[in-house]
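Count residues from 1 along the sequence. Each ligand, and each atom within it, is numbered from 1 in the order the structure gives.
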Amino acid sequence: MPSSLYIDGAWRESSTGRTHEVRSPHDGSLVTTVSEASVEDVLEAIGAARRSFDSGVFASWSWKERSDLVSRIADLLERDAAQVAKKESDDTGKRLIEAEYDVADVVATFRHFAALGLKEHDHFVDVGLAHVTSRIVHEPIGVCSLIGPWNYPLLQIAWKVAPALVAGCSFILKPSELTPESAIHLIKLIEEARAPRGVANLILGPGSVVGNALTTDPRVDLVSFTGGLTTGKTIMIGAAPTVKKLALELGGKNPHIIFADADLDAAIDNAVTGAFLHSGQVCSAGTRLLVERSVHDRVVNEIVRRAGEIRLGGPADLNAETGPLISQSHLKTVENYVAKGIEEGAKLLVGGKRSNREDLKQGWYFQPTVFDGCKSDMFCVQEESFGPVMTVEVFDTEKEAIAIGNDTIFGLSGGVWSQDLEKAARVAAGLRHGTVWVNDFGPYRPQAEWGGYKQSGIGRELGSHGLSEYLEIKHIWTNNSPSKSGWFHDSSGGDEK
Ligand code: NAP
């Protein structure tokens, strides 16, 4: 087994010798074996990141030098795209073509932040005093713990690693233990691109073992986390005693609203994609369908027909349209979620169980599922399944559609379909979600901010704000004509106020 922890510029095994087997979600076969870090390894990695940051070895690079580094990493990712996509596909079980799209998005992310780094960051402000120069400068925030999920493993960490490097931070990266391979490859490329020693560190291991040290250690300045709401809350609590900066990208339960005057063919097709892409393992999945009553039957019948035809299959199946769930325990969670939906009165129209195909029996495949007759207060409507389960609710008015769409603790994304663009704009304005698609569902670009309202998170990734998360802002006030303040009485005869 090659050493797979990267600490202070060196690849090594866990100090305890512990390892973890990565298994294919498609058939349970062994993909690879990696090191599993101990808490001592984490503390060492934090120490290395802290030393490199405090030494100024990287923070003192110019913006241009750091942008060039990030551009070099983008070039290397392009060079290795096929290899990285294969690793991502092996770990997640997703089709190779989807992993290839993901890697292209990763490259675009690195290019975006490299370009952003070249823009002017600092500026002068006019404080109304001729003798004062007042300057606002941006500096790296410091040592960052970067923690990612398993659904888009490399993409989600790219949204953190690229801005952290452009900003001049040092970091400890921790991908999900289920999907570590692409992160290992990325760190190798960062090494090849010649980042200074100690800037990039990689820790592998379950969050339950390594998470606490990564998110509570006083030497860490910022925690950037993408994952579930429960973990996010635990991290907030752990970060509080040392008032760490937090960037949290959490779950979503995303309303997809179809009005009767929509282009229904396009709306239905996008509703199927929005809910069942990557078997629903997408934070912004449109799994909560809201449909205007007069077109309910047409829309739902067609979605059910299409959902029943979706072909499941593994990474190598060229005819497959979507893949397995990530793990057996996640499959169990989705099964329980569906059982609860049926119990609380949701009408199961299609799917609802594990795939019964003989050739998929070794993997974690779940059938695309549609629940009709749902109400806002149901568990299956309010909770994220993170699986291929769509719930359907009806509405009669624009106001009602907005109210239902906002009736959730989450606020990540939503979609609205109508050919009346003024109405669509009113609904988009009314929805309290971080991204709203009008007559579309799902696309994003690194140039635009991504993140959630309410309990979907704190802060934004991507766009220009995605870089700001990694910067501190300093105001430097320079008095070019120094004089006494004169505030307190000076018995030696100084000026009084
Ligand atoms: P998760 O269970 O919360 O895990 C996310 C990461 O946190 C993993 O690396 C995990 O490690 C680690 N972790 C677990 N416990 C931790 C702790 N106590 N302290 C620190 N780190 C800890 O989430 P997931 O199941 O991987 O991902 C699915 C969730 O992510 C969904 O809710 C989805 O909506 C959300 N998500 C959100 C976005 C967004 O942009 N808003 C994007 C993608 C996913 P191990 O897995 O190795 O134990």
Side-chain angles (χ1 to χ4, degrees), residues 20 22 25 34-37 39 42 91-92 102 105 109 145-160 172-180 182-183 202-217 220 223-239 244 246-254 277-287 325-327 329-331 333-334 337 383-387 408-413 433-435 442 444 446 448-463 466 469:
H20 169 73
V22 178
V34 296
S35 306
E36 197 171 285
V39 173
V42 179
D91 282 9
T92 59
D102 293 351
D105 283 357
T109 300
S145 287
L146 310 179
I147 304 173
W150 45 259
N151 59 337
Y152 290 89
L154 188 60
L155 187 60
Q156 297 297 336
I157 59 177
W159 292 9
K160 305 177 190 307
I172 309 99
L173 174 64
K174 195 209 97 60
S176 166
E177 68 161 350
L178 300 172
T179 55
S182 55
L202 177 68
I203 283 298
L204 305 177
S208 54
V209 175
V210 300
N212 188 55
L214 280 170
T215 54
T216 61
D217 192 290
V220 172
V223 179
S224 177
F225 167 79
T226 301
L229 176 59
T230 307
T231 317
K233 287 181 183 173
T234 305
I235 288 173
M236 279 187 89
I237 293 167
K244 294 188 196 318
L246 287 178
L248 301 178
E249 292 289 342
L250 308 175
K253 187 72 193 187
N254 313 294
L277 175 81
H278 197 10
S279 290
Q281 300 170 115
V282 181
C283 53
S284 53
T287 50
L325 299 180
I326 189 71
S327 64
S329 82
H330 189 44
L331 178 82
T333 304
V334 175
Y337 177 97
E383 292 291 323
E384 185 188 35
S385 77
F386 221 51
T408 163
I409 59 167
F410 294 110
L412 188 59
S413 71
H433 293 264
T435 296
Y444 82 96
E449 272 74 5
W450 179 267
Y453 282 37
K454 302 194 272 182
Q455 295 188 36
S456 284
I458 297 176
R460 290 292 179 272
E461 296 197 296
L462 301 179
E469 299 277 4

*asked:* Give me the residue, atom name and distance of the protein heavy atom closest to atom 8 (C) of ligand 1.
replied: Gly148 O, 3.2 Å

*Between the side chain of Lys244 and the main-chain N/O of Gly238, is any donor-acceptor distance below 3.5 Å?*
no

*Of the choices Cys283, Gly452, Ser456, which has the non-hydrogen atom that lies closest to atom 42 (C) of ligand 1?*
Cys283

*Main-chain N/O of Leu229 paired with Gln455 side-chain donor or acceptor, under 3.5 Å*: no

*asked:* Checking a contact table here: which protein heavy atom is nearest atom 48 (O) of ligand 1, and how many Å away?
replied: Gly207 N, 2.9 Å

*asked:* Counting non-hydrogen protein atoms only, what is the nearest one to atom 46 (O) of ligand 1? Give residue, atom name and distance.
replied: Ser176 OG, 3.3 Å

*Check each atom of ligand 1 against the heavy atoms of Glu249 and keep those under 4.0 Å away; list them by number with element.*
37 (C), 39 (C), 40 (O), 41 (N)

*In terms of residue, atom name and distance, what is the protein heavy atom nearest to atom 34 (O) of ligand 1?*
Glu384 OE2, 2.5 Å

*atom 20 (C) of ligand 1 [closest protein heavy-atom partner, distance rounded to 0.1 Å]*: Gly211 CA, 3.4 Å

_So Ser284 and Thr435, do their side chains get closer than 4.5 Å, heavy atoms only?_
no

_Exercise: identify the closest heavy-atom pair between Trp150 and Leu178_ = CD1-CD1, 3.8 Å

*For atom 4 (O) of ligand 1, is the nearest protein heavy atom under 4.0 Å away?*
no

*Indicate, as side chain, backbone, both or neither, the part of Phe386 found under 4.0 angstrom from ligand 1 when only non-hydrogen atoms are considered.*
side chain

*Using modelled atom types only, decide if a donor and an acceptor are shared between the side chain of Ser456 and the backbone of Gly251 within a distance under 3.5 Å.*
yes

_Heavy-atom proximity to atom 26 (O) of ligand 1, best of Phe410, Trp159, Trp150_ = Trp150

*Of all heavy-atom pairs between Glu384 and Tyr337, which one has the smallest distance, and what is that distance?*
C-CE1, 4.1 Å

*Backbone or side chain, does any N or O of Ile235 fall under 3.5 Å from an N or O of ligand 1?*
no

*Any donor and acceptor pair, going by atom type alone, linking the side chain of Lys160 with main-chain N or O of Leu173 inside 3.5 Å?*
no

_Minimum non-hydrogen distance to atom 37 (C) of ligand 1, winning option of Leu250, Asn254, Thr435, Ile147_ = Leu250

_Proximal ligand 1 atoms for Pro149, defined as those under 4.0 Å from one of its heavy atoms_ = 26 (O), 27 (O), 43 (C), 44 (C)

*Should Asn212 be counted as touching ligand 1, given the test is an N or O pair under 3.5 Å?*
no

_Within the 4.0 Å heavy-atom shell around Pro206, which atoms of ligand 1 are there?_
47 (O), 48 (O)

*Verify, without hydrogens or angle tests, whether Asn254 (side chain) and Ala285 (backbone) share a donor-acceptor contact under 3.5 angstrom.*
yes

*In Å, rounded to the nearest 0.5 Å, how long is the span from OG1 of Thr92 to CG of Asn151?*
9.5 Å

*Residue, atom name and distance, where the atom is the protein heavy atom closest to atom 16 (C) of ligand 1*: Thr231 CG2, 3.3 Å

*For Pro175, take its heavy atoms, then give the atoms of ligand 1 lying under 4.0 Å from any of them.*
9 (O)

*How long is the span from the OG atom in Ser385 to the CD atom in Gln281, to the nearest 0.5 Å?*
9.0 Å

*With a 4.5 Å heavy-atom cut-off, do Ile326 and Thr179 have their side chains touching?*
yes

*Taking atom 11 (O) of ligand 1 as the reference point, the nearest protein heavy atom with its distance*: Lys174 NZ, 3.0 Å

_Parallel, tilted or perpendicular, judged at 30° and 60°: which one describes the rings of Tyr444 and Trp159?_
tilted

*asked:* Within ligand 1, which atoms have a heavy atom of Gly205 less than 4.0 Å away?
replied: 47 (O)

_Return the CD to SG distance between Gln156 and Cys283, rounded to the nearest 0.5 Å._
6.0 Å

*asked:* Using a 4.0 Å cut-off to any heavy atom of Gln156, which atoms of ligand 1 qualify?
replied: 42 (C), 43 (C)

*Protein heavy-atom partner closest to atom 40 (O) of ligand 1 - residue, atom, separation in Å*: Trp450 NE1, 3.1 Å

